[in-house]
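The first residue in the sequence is number 1, and the count goes up from there. As the structure is a computational prediction, the values presented were derived from the model and not from experiment.
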Amino acid sequence: MDGAERLRGGPAAAVRDPRLFEEFYRRHVDAVMRFVARRVDDPHTAADLTAEIFLAVLDSAHSYRPRLGSETAWLYGIARNVVSSERRRVAREAERDLRFSGRRLLEADDIARIEDRLDAESPGRRALAALASLPEGERAVMELIAVDQLTVTEAAAALGIRQVTARVRLHRARKALREEAADVKAPETDRDPAAPQARSTSDAGVGTPDPSLHVAKGGARA
């Protein structure tokens with residue numbers, strides 16, 4: 001993210017020195033928790049996944065390349081793999097209760113703090129839900145850029161793809177979202193006058209964020 005991040009040698013140095021790893025953890029834990037909170041709505045799961053992400057850093061520290069992007073973008077790549085792996089695991093399980101076996105019990109203050117974070121990130125979860133119809137590759141790029149606020153370069157690094165590939169996927173995603181929005185906003189003449197009118201999210205008092213909003217204004221950041 002900036003020079004201060006890499007002053008102590010980055011992730012590779014951190015995993016060799018417990019004191020540096022603690023500094024690394026404290027520097028990034030809030031950003032990682034926000035990333036997770038945009039994707040899950042249970043405080044226990046959010047705490048577990050955040051811990052798993054930093055455990056995964058121990059095995060992946062050698063893969064960090066400063067020239068490809070910030071430590072945060074690199075962590076988001078790891079976080080995305082951890083969250084996706086968890087979703088696949090849950091989908092395979094017949095009994096959801098198995099997820100809670102052996103869990104470290106959270107203190108009441110821990111749960112309250114994580115619930116506050118989950119509430120704060122609820123607009124991000126709604127934005128991610130709006131991208132559900134996109135193909136996986138395009139959705140992944142759009143998530144990282146429009147929701148997690150990475151640059152195209154950082155998103156490409158997080159996903160392990162070329163920048164040109166990321167730009168192509170971003171273009172396709174934005175086009176698909178525009179076309180989907182156009183289909184929803186059918187002309188008045190095409191509607192059945194007797195049919196009840198659908199309420200917009202603003203009329204209903206639920207403001208779902210437009211996930212392509214910030215990249216639509218002036219284009220995506222490089």
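Between the side chain of R87 and the main chain of V83, no donor-acceptor pair closer than 3.5 Å is present. Under the 3.5 Å distance criterion, the side-chain polar atoms of S60 are matched with a main-chain donor or acceptor of A56. No donor-acceptor distance shorter than 3.5 angstrom exists from the side chain of S84 to the backbone of N81, with no hydrogens or angles considered. Formation of a donor-acceptor pair under 3.5 Å by the R117 side chain with backbone atoms of V36 is not found in this model.
To the nearest 0.5 Å, atoms OG1 (T50) and CG (D30) are separated by 10.0 Å. Annotation: the span from I78 atom CD1 to F35 atom CZ amounts to 11.0 Å, rounded to 0.5 Å. The structure places CD1 of I114 at 9.0 Å from CG of D42, a figure rounded to the nearest 0.5 Å. Considering OG1 of T45 and CD of E52, their distance stands at 10.0 Å, rounded to 0.5 Å. Taken to the nearest 0.5 Å, the CZ atom of R169 stands 14.5 Å off from the NE2 atom of H171. To the nearest 0.5 Å, the span separating CZ on R34 from NE2 on H28 amounts to 11.5 Å.
Both V32 and V40 belong to a single network of hydrophobic side chains, linked directly or stepwise wherever heavy atoms of I, L, V, M, F, W or Y lie under 4.5 Å apart. Connection of V15 to V29 is established within a shared hydrophobic cluster, with ILVMFWY side chains joined at heavy-atom distances below 4.5 Å, either directly or through further cluster members.
A 4.5 Å side-chain heavy-atom check between F24 and V57 finds at least one atom pair inside the cut-off. Two residues are said to be in side-chain contact when any heavy atoms from C-beta on lie closer than 4.5 Å; L58 and L55 meet this criterion. Put simply, the side chain of E154 does not reach to within 4.5 Å of the side chain of T72, judged on heavy atoms. Side-chain contact between L170 and I145 is present, with at least one heavy-atom pair separated by less than 4.5 Å.
In this pair, F21 and F54 present their aromatic rings perpendicular. The plane angle is above 60°, beyond the 30 to 60° band.
Y64 and G69 make their closest contact through OH-O, 3.2 Å (heavy atoms, listed as atom of the first residue, atom of the second, distance). In this structure, R125 and L118 approach most closely via the heavy-atom pair NH1-O, 2.9 Å. Closest heavy-atom contact between H62 and R65: O-NH1, 2.7 Å. T165 approaches I161 most closely through the heavy-atom pair CG2-CD1, 4.2 Å. The two residues V152 and Q163 make their nearest non-hydrogen contact at CG1-O, 4.2 Å. Taking every heavy atom of both residues into account, A156 and A166 meet most closely at CB-CB, 3.9 Å.
Side chain to side chain, W74 and S63 meet the donor-acceptor criterion of an N or O pair below 3.5 Å.
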Compile the donor-acceptor pairs under 3.5 Å between side chains in residues 132-144 and protein atoms, sequence neighbours left out, one pair per line.
residue : atom : partner : partner atom : Å
S133    : OG   : E180    : OE1          : 2.9
E136    : OE1  : R139    : NH2          : 2.4
E136    : OE2  : R80     : NH2          : 2.6
R139    : NH1  : L134    : O            : 3.0
E143    : OE1  : R39     : NH2          : 3.4

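In this view, R38 and E121, D148 satisfy the salt bridge (charged side-chain N to carboxylate O under 4.0 Å, His left out) rule, not counting sequence neighbours. Residues passing the salt bridge (charged side-chain N to carboxylate O under 4.0 Å, His left out) test with E22, sequence neighbours excluded: R26.
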Determine, step by step, whether R178 and K175 satisfy the side chain to side chain contact (heavy atoms under 4.5 Å, CB included) criterion, reporting the C-alpha distance in whole Å, the side-chain angles of both residues, the deciding distance to 0.1 Å, and the verdict. CA-CA 5 Å; R178 286 196 299 267; K175 180 181 179 184; 4.0 Å; yes

